[in-house]
Number of protein chains: 2
Amino acid sequence: MTKNEGVHRTVTMRDVAREAGVSVSTVSHVVNNTGARIGQEARERVRRAIDKLGYRPNALAKNLVTGSSRFLGLVADAIASTPFAGQIIHGAQEEAWRHGYVLLVANTDGNEAAEASAISMMLEHKVRGILYSTWYHREVKLPAALAGSDTVLVNCYSPQGEVPAVVPDEVNGGHDATRMLLSEGHRRVAFLNTRALSPAREGRLRGYRRALEDFGLVFDPAKVVDVQPDQEGGYAAVGEILALGATAVFCHNDRVAMGLYDGLRDRGLRVPDDLSVVGFDNQEVIAAHLQPPLSTVALPHDELGRHGVRVLLGIEEAEQTGRLEVNCPPVPRRSIVAATRR
Amino acid sequence: MTKNEGVHRTVTMRDVAREAGVSVSTVSHVVNNTGARIGQEARERVRRAIDKLGYRPNALAKNLVTGSSRFLGLVADAIASTPFAGQIIHGAQEEAWRHGYVLLVANTDGNEAAEASAISMMLEHKVRGILYSTWYHREVKLPAALAGSDTVLVNCYSPQGEVPAVVPDEVNGGHDATRMLLSEGHRRVAFLNTRALSPAREGRLRGYRRALEDFGLVFDPAKVVDVQPDQEGGYAAVGEILALGATAVFCHNDRVAMGLYDGLRDRGLRVPDDLSVVGFDNQEVIAAHLQPPLSTVALPHDELGRHGVRVLLGIEEAEQTGRLEVNCPPVPRRSIVAATRR
DNA sequence: GTGAAAGCGCTAACAA
DNA sequence: TTGTTAGCGCTTTCAC
C-alpha cells in the first residue's frame, strides 16, 4: 500500500540514503568501497538499507559520470556456421569479465552495411574498444567506421598492420603437425593443403617444409597436393595420396582428414595402419570422434579472443609487427602409428 | 592548436549546439527526428556542425534519462563447444538489432557462480530483459538471480512453466524425420534413439510413433535401440540394426548417423542403397558433407533465439502453457532412397 | 566521518 | 520555431 506499490519504480541510491538516514555520497562510498572513512555504524545502516530495498547500482549512470564505460564490443563475421566464432566470443567474454568488462556482440554475416551500423551502435554505447573478428584467418580491409576507435583484430589482420592483430601461428602449427608424423619415423609424408590462398595455406606449408628440414629431409613439391578444404577435397585425393606412396599425411584441416578417412575405408584401407594422418583445427565434433580419433593441431580460438581483449585493454602488447601470433597446440590422438620399415 | 587538441575530449551535444548557434534541445530534436518543427535552416546548420565535429550521440546518457535501456542480455551455458549456441546468439542478435537493441552476452560454462554474477552484471546495466539459453534442449532450474527480471528461456524450460520458454518442437521433428523414410516406401524403420533421458529423446520417439500410426504401421519396441548419442553410439549399433532387417533408420542425431555410416562402410555396405538413413540436428559440418550427404531435420537454433527476443519484447506470446514450440524443418539430402520390394 | 553541490550528456516539458 | 530548465542516477571535490 505504500508508494512502492504499483509501477516497479527502480530503487536508487537516494532511496537507500533516505532509508539509512545518510547522504547519497555516503552510500556511494560504501557501495564502491572507496577509501573514504565511513563509520562502522553508518556503513552497517547502509548495508541493511541496500538489502532491504534490493538496491542495485545503475552501471549506466556510473559510466556516464566517470566517462569510462565497461563495455567491450565484439563484431564477428559469422558466428553461426562453425564453433570457431563461438570460441572467440567465449575467450573474449571470459577475459573481459575478469577485468570487469561486459561484452557486446554483433554478427555481421560479412555484410558491410550491417558491419558499419554494428560498429556505430557500439561506439554510441561508448565501448572501451572493439574486437573485430573473422571466423577464418585472413586479411581484412578495415571498415572505415572503425577509424578512430580502439580496435584490435582477432583472427585477421590488416594489410599494413596499422591495427594490432591477434592471429594463430600457422607456421608453428604446420611444423608441429608435420613433426608429429616425422617423429614417429615417417619419411614419406604428404601434405593435403587447401587450394584457397590464405595465411593458413602459406603458413602451414612453411611449417611443413621447416619440419622436413629439421629432420634432414628434402622438400618434394610433388608431395603437396592442393585440394578443396573440406571432406569432398580429402575424399577426392585418396588416389593421389596412395599413388605417392606416402605412409603419412598432414591434412590442411580436420574436415579434409575426415574425407580422407572415408576414401580410405572405401578402399578397404585403415588409419593408422595403412596411413597415419594428422589434421588441423581440432574441430571437436570431428576430430575427437572419428574412427580412430584424429591427431591434430588446435586452432586456439578462445585464446585469440582472450589475447584480443588483453591487447585491447593494454595489458599485453602486440609485437612491433603489430601482430601477436598465438601458438597452436598439437593434440595427439590415435591416427598416427610408428612407421614400419618397408 | 585549438583547445580541441590534446586529450581527445568527446564531442557532446552542447558542442554541436554551440557550433551551430542553436540550443541543445534543437540539436536533440534534429538528431532524434522528433516531430518537432525545426526550421530548414537551423536543421542544416546542425547537420553541418555534427559532421564537422564528428558528433556521436551518447547512448548511455540517453538511456539514463529515458529510463529505458536498449540492452538485451543473453546468458548461455556453453557457447564454444558446438555451433548451437552460436546460432542462438546469431538469431537473437539479429532480431534484437531489428528492434534497436544490442545484445550483451555472457557464457557461464554451466558454473552457477559465473551465472549469478553474469546475471547481476546484466541487471546492473539495466538490460531490458534476459534470454537464458542452453546448448541442448533440457529442463533447467531457474537461477535465483533471475527472479524479478524479465526472462525468457531459450532451448530450455522450467519445471512449472513459470517463465516463458522457446523450445524446438521435438515431436514434430521426429515425426517428419520418420515420415521422410516412410513416404519413400520403407516399412521396416528402426530408430536409433539416445539413451540420455531428455525432451529430445521423448519427443522424437513420440514423433516416430505418430508417423508410424499415420502410415498404419504398428509400433515395434524392438525397433528402437538406445545408444550413446554420438558417433561411437551409431557405430556400435550397426550390427543390431542390420539384425533387425531394417531398410531405413532414423538416428537421434547427425553424429549417430555419422557413426552408422562408418560402421556400414566397414561392412562393405552403402547408404542409401543398403540402408536409408535420416539424422537430426542438421549439423552442417557433418550432415552436409557426409558421403552421401545426410537427410536430416534441422534444430532451428537461430529461430529459437529470434523468437526468444520476440517474446521478451512482447511482440509475440508464448502459448498458455508458457512454451513456444518452434518447428524443426526437414532438410532432405541424399541418404534416402525409395524402398525396393524385397 | 559525513554531507552539499556540481555536473556527466542527454531528453522533455514548458516558455517564449 | 527555438530556447530554458529541470532532472535521469551517480561520483567526486570540498566544506564542515
Side-chain angles (χ1 to χ4, degrees), chain A residues 7-47 49-50 53-71 100 121 123-128, chain B residues 7-47 49-50 53-71 100 121 123-128:
Chain A
V7 189
H8 217 53
R9 212 180 61 77
T10 114
V11 180
T12 83
M13 220 171 215
R14 249 225 303 291
D15 299 323
V16 176
R18 192 177 306 124
E19 173 75 23
V22 298
S23 75
V24 288
S25 52
T26 301
V27 177
S28 175
H29 281 127
V30 355
V31 168
N32 296 300
N33 267 314
T34 69
R37 303 141 316 214
I38 302 289
Q40 269 318 306
E41 215 252 330
R43 195 163 233 116
E44 251 321 300
R45 288 214 310 281
V46 170
R47 289 260 150 69
I50 288 179
L53 268 32
Y55 167 73
R56 199 187 289 284
N58 182 333
L60 271 43
K62 180 169 184 161
N63 288 168
L64 181 59
V65 50
T66 61
S68 72
S69 100
R70 295 315 243 164
F71 291 116
M121 203 145 190
L123 261 17
E124 292 185 8
H125 282 88
K126 303 302 172 197
V127 293
R128 160 73 184 271
Chain B
V7 189
H8 218 53
R9 212 179 61 74
T10 115
V11 180
T12 84
M13 218 170 217
R14 247 224 305 291
D15 299 324
V16 176
R18 192 176 305 126
E19 173 76 24
V22 299
S23 75
V24 287
S25 55
T26 300
V27 177
S28 175
H29 281 128
V30 355
V31 167
N32 296 299
N33 268 313
T34 69
R37 300 143 317 212
I38 302 289
Q40 269 319 307
E41 215 252 328
R43 194 163 233 116
E44 251 322 300
R45 288 213 309 283
V46 170
R47 288 257 152 70
I50 288 179
L53 268 32
Y55 168 73
R56 197 187 290 283
N58 181 332
L60 270 42
K62 180 169 184 162
N63 288 168
L64 181 59
V65 53
T66 60
S68 73
S69 102
R70 293 319 240 159
F71 291 115
M121 205 143 189
L123 260 19
E124 292 186 7
H125 282 88
K126 303 301 174 198
V127 293
R128 160 73 184 269

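Values below: every heavy atom of this structure, side chains too, minus hydrogens, waters and symmetry copies. Quick note on labels: first sequence line is chain A, next is B, and so on, each numbered from 1.
Spacing between atom CG of A:L60 and atom P of D:dC10 amounts to 10 Å, rounded to whole angstrom units. Rounding to whole angstrom units, CZ of residue A:R70 and P of D:dC10 are separated by 17 Å. Rounded to whole Å, atom C1' of C:dT2 lies 17 Å from atom CD of A:E44. Distance A:N33 CG to D:dT12 P: 14 Å, rounded to the nearest Å. Residue B:N63 contributes atom CG, which lies 15 Å from atom C1' of D:dC10 at whole-angstrom precision.
Close to D:dG3, at under 4.0 Å from its OP1 or OP2, lies no side-chain N or O of B:S25.
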Checking side chain to side chain contact (heavy atoms under 4.5 Å, CB included) for the pair A:L64/B:N63: CA distance, chi angles, key distance, verdict?
-> CA-CA 10 Å; A:L64 181 59; B:N63 288 168; over 6 Å; no
Test side chain to side chain contact (heavy atoms under 4.5 Å, CB included) applied to B:V22 and B:R45, step by step = CA-CA 9 Å; B:V22 299; B:R45 288 213 309 283; 3.6 Å; yes
Quick one: which protein N/O atoms are closer than 3.5 Å to N/O atoms of nucleotides 6-10 of chain C? Pair and distance per line, please.
| unit_1 | atom_1 | unit_2 | atom_2 | d |
| --- | --- | --- | --- | --- |
| C:dC8 | O2 | A:V65 | N | 3.4 |
| C:dC10 | OP1 | B:Y55 | OH | 2.5 |
| C:dC10 | OP1 | B:N58 | N | 3.0 |
| C:dC10 | OP2 | B:M13 | N | 2.4 |

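Side-chain contact check for B:S28 and B:S25: no donor-acceptor pair (N or O, by modelled atom type) lies under 3.5 Å.
Relative orientation of the B:F71 and A:H125 rings is tilted, given thresholds of 30° and 60° on the angle between their planes.
Residue B:V31 comes nearest to B:Y55 through the heavy atom pair CG2-CE2, 4.2 Å, listed as atom of the first residue, atom of the second, then distance.
For the atom pair B:K62 NZ and A:E124 CD, the distance stands at 8.0 Å (nearest 0.5 Å).
Contacts of B:G67 with the nucleic acid, taken as non-hydrogen atoms under 4.0 Å apart, are absent.
Residue-to-nucleotide proximity on DNA chain D shows that, of B:I38 and A:V27, the 5′-proximal contact is made by B:I38.
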